[in-house]
Amino acid sequence: MISKSKRLEGQVALVTGSSSGIGQGIAVALAKDGANVVINFHSDEEGAADTLKEIEKTGGKAIVVKADVSKEKDVEMLFEQAKKEFGRLDILVNNAGVQADASLLEMTMDQWEKVIGINLTGPFLCARAAAKEFVAQGVQENTSRAAGKIIFISSVHDIIPWGGRVNYTTSKGGVMMMMKTLAQELASHKIRVNSISPGAIKTDINKQDWSTEEGKKQMLSQIPYGRIGEPEDIAKVAAWLASDEADYVTGATIYVDGGMVLYPSFSE
Ligand code: BGC
């Protein structure tokens, strides 16, 4: 039994896309639980600085690294920076994700490649880099029961089809099989791999939906629990999943969605 005042004490977490929204919430939550955090951003430098400020306010430690997760060279540099600064890695949260919506008939190669690159290739490159680190490190009992933890931030759209967004749903469906395959492949190395699939969480990605009365009403009609989620709803689950409290959990997808996957239109 490891006795620590904070459940992620002595651990290092890298959170991709942590300059806003869910990623920002997760970075802050992991730091509150005692982890040193690598904040990654691609274009929102100000947002990344806010995440850093928030972490430092609560006495946590973090660094900010700019990298495009869809680019192999950037990802290598990102993990090198993490290692250089903190000397180890325990937790990867594959959070960075985008939408570029268009009907099939109108979808361009740019829209397809952008979403697949960031949402699917990115998690692959980061998981590979993290796993190399975790395997080399092995289990260090005084830090965690696992050699490493990988958490994918997927979406309810890994199982709910969504017209006009075939790039996005394909990427999230792919993330589900990536997670399961890696959970199976890496278990013998004592690496835990899981997904969180958020429903409608109030962030910039869906602002055009929740910022109008009509859009909000439509959103709420899809959520049995009757409220739109907040980044903290996801962050709390991520922190638990990263901790030894979830040591026997691997290969799981946790839907954190107020019941969105329960076919709400069939409720009556
Ligand atoms: C999407 C959001 C959407 C939510 C629920 C997420 O994966 O990025 O735009 O509101 O799923 O449909």
Side-chain angles (χ1 to χ4, degrees), residues 15-27 40-44 47 69-70 93-104 106-107 111-123 126 151-179 194-238 241 252-267:
V15 186
T16 67
S18 44
S19 49
S20 69
I22 293 174
Q24 183 170 64
I26 292 174
N40 156 252
F41 77 102
H42 178 227
S43 48
D44 183 4
V69 294
S70 69
V93 183
N94 267 322
N95 166 79
V98 291
Q99 285 183 226
D101 304 348
S103 70
L104 174 64
E106 274 162 12
M107 191 170 287
Q111 287 170 319
W112 173 262
E113 280 174 351
K114 180 178 179 194
V115 173
I116 297 297
I118 295 170
N119 297 12
L120 194 57
T121 306
C126 292
I151 300 171
F152 290 89
I153 304 303
S154 181
S155 165
V156 289
H157 299 293
D158 58 7
I159 53 168
I160 304 179
W162 201 12
R165 291 148 181 98
V166 70
N167 47 2
Y168 188 75
T169 55
T170 302
S171 72
K172 295 301 185 181
V175 160
M176 181 193 278
M177 282 312 285
M178 192 188 304
M179 181 280 287
N194 294 285
S195 289
I196 298 173
S197 287
I201 308 299
K202 202 170 178 186
T203 68
D204 284 346
I205 209 170
N206 49 15
K207 193 167 182 182
Q208 79 279 9
D209 301 322
W210 54 259
S211 56
T212 67
E213 267 319 303
E214 201 185 318
K216 200 167 145 191
K217 208 171 137 205
Q218 159 73 6
M219 240 182 181
L220 285 170
S221 75
Q222 297 168 332
I223 309 170
Y225 202 59
R227 73 169 170 90
I228 296 169
E230 301 290 339
E232 291 67 38
D233 289 311
I234 306 302
K236 284 176 193 158
V237 179
L241 209 41
T253 299
I254 304 179
Y255 288 89
V256 183
D257 66 345
M260 191 178 250
V261 296
L262 303 174
Y263 296 94
S265 62
F266 281 84
S267 64

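The figures that follow rest on heavy atoms only: side chains count, while hydrogens, waters and symmetry mates do not. One-based numbering, in listed order, for ligands and for the atoms of each. Throughout, residue positions are numbered sequentially from 1 according to the sequence presented.
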Check: Ser197/Asp158 side-chain N/O donor and acceptor closer than 3.5 Å: yes

Neighbouring residues of ligand 1, heavy-atom cut-off under 4.0 Å: Gln99, Ser155, His157, Trp162, Tyr168, Gly199, Ala200, Ile205, Asn206, Met219, Met260

Under the ring pair (Phe, Tyr, Trp, His ring centres under 6.0 Å) test, which residues partner His42, sequence neighbours left out? none

Apply side chain to side chain contact (heavy atoms under 4.5 Å, CB included) to residues Val156 and Tyr255 and explain how you reach the verdict. CA-CA 7 Å; Val156 289; Tyr255 288 89; 4.2 Å; yes

If the threshold is 4.0 Å, N to carboxylate O, is there a salt bridge linking Arg227 and Asp233? yes

Val237: what forms a side chain to side chain contact (heavy atoms under 4.5 Å, CB included) with it, not counting sequence neighbours? Ile196, Ile254, Val256

How would you list, by chain and number, every residue that makes a salt bridge (Lys or Arg N to Asp or Glu O under 4.0 Å) with Asp209, sequence neighbours excluded? none

